[in-house]
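Contents: one structure, followed by commentary.
When a ligand or atom number is given, it counts from 1 through the structure's own listing order.
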Amino acid sequence: MHTNLPSWISKEFKETKSGLVVDGVVLNKLTEIIKPPFFIYSATDIKNRYQDLEKALKSSGIKLYYSVKANSLLSILNGLVFLGSGLEVASIGELELAIKIKVNPSKVSFAGPVKTESELESAIRFGIKTINAESFVEIERINAIAKRLGKKQVIGIRVNPLKQVNKAGGLMGGGSQKFGIDFEKITQREVDKIRSLPNVELSGLHVFSATQILTPKEFINNLENTCRIARDLNNLYKIKYIDFGGGLGIPYFSNEHALDIKDLSNKIKTILAKFPFIKANNTSLYLEPGRYIVGSSGIYVVRVDHVKDSRGITYVMVDGGWQHMMRTSPSMPFGQHPIYNLSKPNKLKMKKFDIGGSLCTSVDMLGKSIKLPFNTQEGDLIGVFNAGAYGRNQSPIDFLSHPTPSEVLVGKGEYVLARRSEGTERITRVQPETKTNLFKP
Ligand SMILES: Cc1ncc(COP(=O)(O)O)c(C=O)c1O
């Protein structure tokens, strides 16, 4: 592709004479075996980012619980658990994935604004470390289920803070929210009520205010605000853990800068030192990053089907699209991912193209006004970078019933087909043959 990749693009993506090499695997060769569209993830990138973050946060005593929703591929979960990560799950499906890889239940937490009876029962049976409850109704439900199972379940309160993060990719806390319990509603009376429930142990709190925070100051302010909330609540019940949620951002645009994790870690230590109750209580501290760990590891690879003009705009039409990689669509609020032609030198004469996918909807665009080589043509490979987090996991995979993308995990020159593409059998599998009776007169 011969382009100057921005410095923050993963070091595991190298340009060579044979084209792009991803963590030691030549992409062109791989496409002879596994057909695009597919996601390719670098295991080395994930490992390095996890370990660098873990190392940086060690001296502040913060432990990592990877947020499964960012990318729930079993082989990635397995790898991260092998490296020592805990897991934050937010649905029965994510819990099942955690169970499948035989993670120690004491390293799994459960978040999510609606947790059904059966989800809670599965989590409690599993022996999950903690459930971060998001309403008083949920707490009573947990108590009733735990009682039925003859257990006592550790819980925390997911608190909706008053303050909002100023600059972030998306807000989940502050002001009015569907998430958590408003801070001011957690009174001594409510806490006493929770304490009187015999089958729950109120132990900590969870605050997740925003995702994709790229400004160190915002991250630190938010962390300090959570510590203040914890200090206030510590007057009502002993805070044995604080879960700071996720939120560490990654750059998507060339004018954005990567977070300096070592510097951030020093700042975190300074903030924590301002709250002596943390040391006095021996409070455990957790962070649940998703995007930061897996975001940069992935590329969504599609092939150009054809190129066509329509009234002044040239469209590069590709064989994948929104149903696999919704995030990058210009109709979404998340922002454009970096996109390159992986088959042609991106340094020569460039031209602006709109990149359209195969769905019958105008929101199915991978990008608008994307600079690609002027001679981009049928058969070229196009790569959407930074596709490791919230890629397939956040996309409307069933829309138009296309086959799903393959997902390939590569590391040090080897690859594994982590999830194969499913064709039409997927669409019919869980639908029993329907009789026409309901339509008869
Ligand atoms: C409860 C919870 N924790 C952690 C995360 C991960 O956030 P991020 O990918 O911004 O680190 C999310 C994402 O939505 C979440 O809902």
Side-chain angles (χ1 to χ4, degrees), residues 46 49-50 52-54 57 62-73 76-77 80 85-91 93-95 98 107-115 119 123 128-135 138 155-161 165 167-174 177-181 204-216 218-219 222-223 226 241-252 256 258-259 261 264 285-298 326-327 332-335 337 386-395:
I46 296 172
R49 290 184 71 83
Y50 173 80
D52 288 351
L53 187 60
E54 191 205 27
L57 295 176
I62 297 181
K63 295 199 179 75
L64 297 178
Y65 273 47
Y66 169 67
S67 184
V68 172
K69 62 180 77 62
N71 188 322
S72 59
L73 215 52
I76 291 180
L77 302 184
L80 287 168
S85 181
L87 298 177
E88 176 265 312
V89 300
S91 72
E94 291 185 357
L95 180 66
K107 293 197 78 171
V108 185
S109 66
F110 194 4
V114 177
K115 306 180 189 79
E119 285 179 313
I128 201 158
K129 181 185 180 69
T130 188
I131 300 174
N132 288 312
E134 308 221 10
S135 66
E138 184 184 329
I155 63 162
I157 299 177
R158 177 163 180 179
V159 182
N160 176 31
V165 173
K167 270 184 172 172
L171 295 178
M172 283 86 170
Q177 291 288 346
K178 70 168 190 173
F179 300 102
I181 300 177
L205 83 148
H206 174 272
V207 177
F208 175 43
S209 299
T211 187
Q212 180 57 5
I213 306 176
L214 256 189
T215 326
E218 286 299 320
F219 191 85
N222 183 48
L223 187 116
T226 301
Y241 78 82
I242 307 173
D243 184 334
F244 294 105
L248 291 171
I250 59 171
Y252 287 94
E256 291 179 328
L259 288 166
I261 285 301
L264 200 64
L285 305 172
Y286 303 105
L287 201 63
E288 305 165 343
R291 187 191 316 273
Y292 185 85
I293 293 177
V294 292
S296 61
S297 72
M326 182 183 76
R327 266 193 59 85
M332 293 288 115
F334 310 115
H337 283 238
N386 276 1
Y390 307 111
R392 176 195 157 123
N393 268 46
Q394 207 183 4
S395 301

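- Remark: Arg49 qualifies as a cation-pi partner of Tyr292 under the 6.0 Å distance and 45° angle criteria applied to the six-membered ring.
- Using a 4.5 Å cut-off on side-chain heavy atoms (C-beta onward), Pro216 and Leu259 make contact.
- Summarising the geometry of Asn71 relative to Leu73, their closest heavy-atom pair is OD1-N, 3.1 Å, with the distance given to 0.1 Å.
- Considering only heavy atoms from C-beta on, Glu138 stays 4.5 Å or farther from Arg158 through its side chain.
- Contact between Ile250 and Gln212 at its shortest, heavy atoms only, is O-NE2, 2.7 Å.
- Neither the backbone nor the side chain of Tyr292 comes within contact range of ligand 1; no heavy atom lies under 4.0 Å.
- Judged by the shortest distance from any of its heavy atoms, Phe208 lies inside the 4.0 Å radius around the atoms of ligand 1.
- In this structure, Pro289 is part of the shell of residues with a heavy atom less than 4.0 angstrom from ligand 1.
- Closest of all the heavy-atom pairs between Phe334 and Gln394 is CZ-NE2, 3.7 Å.
- Polar contact check, Arg291 against ligand 1: a nitrogen or oxygen pair lies under 3.5 Å apart.
- For Ser67 and Glu88, the side-chain atoms include at least one donor-acceptor pair closer than 3.5 Å.
- Contact annotation for Ser67 and ligand 1: only side-chain heavy atoms (C-beta onward) come within less than 4.0 Å of the ligand.
- Counting protein heavy atoms only, atom 3 (N) of ligand 1 is closest to Glu288 OE1, 2.5 Å.
- Between Leu248 and ligand 1, no N or O atom pair is found at a separation short of 3.5 Å.
- Considering only non-hydrogen protein atoms, atom 10 (O) of ligand 1 sits nearest to Thr211 OG1, 2.5 Å.
- Looking at ligand 1, you'll find an N or O of Glu88 within less than 3.5 Å of one of its N or O atoms.
- Between the side chains of Tyr286 and Ser109, no donor-acceptor pair is found at a separation under 3.5 Å.
- Considering only heavy atoms from C-beta on, Leu287 comes within 4.5 Å of Leu248 through its side chain.
- The nearest heavy-atom contact from the protein to atom 9 (O) of ligand 1 is Tyr390 OH, 2.6 Å.
- For ligand 1, the polar-atom distance check against Lys69 finds a nitrogen or oxygen pair separated by under 3.5 Å.
- Those atoms of ligand 1 with a heavy atom of Ala111 less than 4.0 angstrom away are 1 (C).
- If you check each of Pro113, Gly247, Gly245 against atom 8 (P) of ligand 1, the one with the closest non-hydrogen atom is Gly247.
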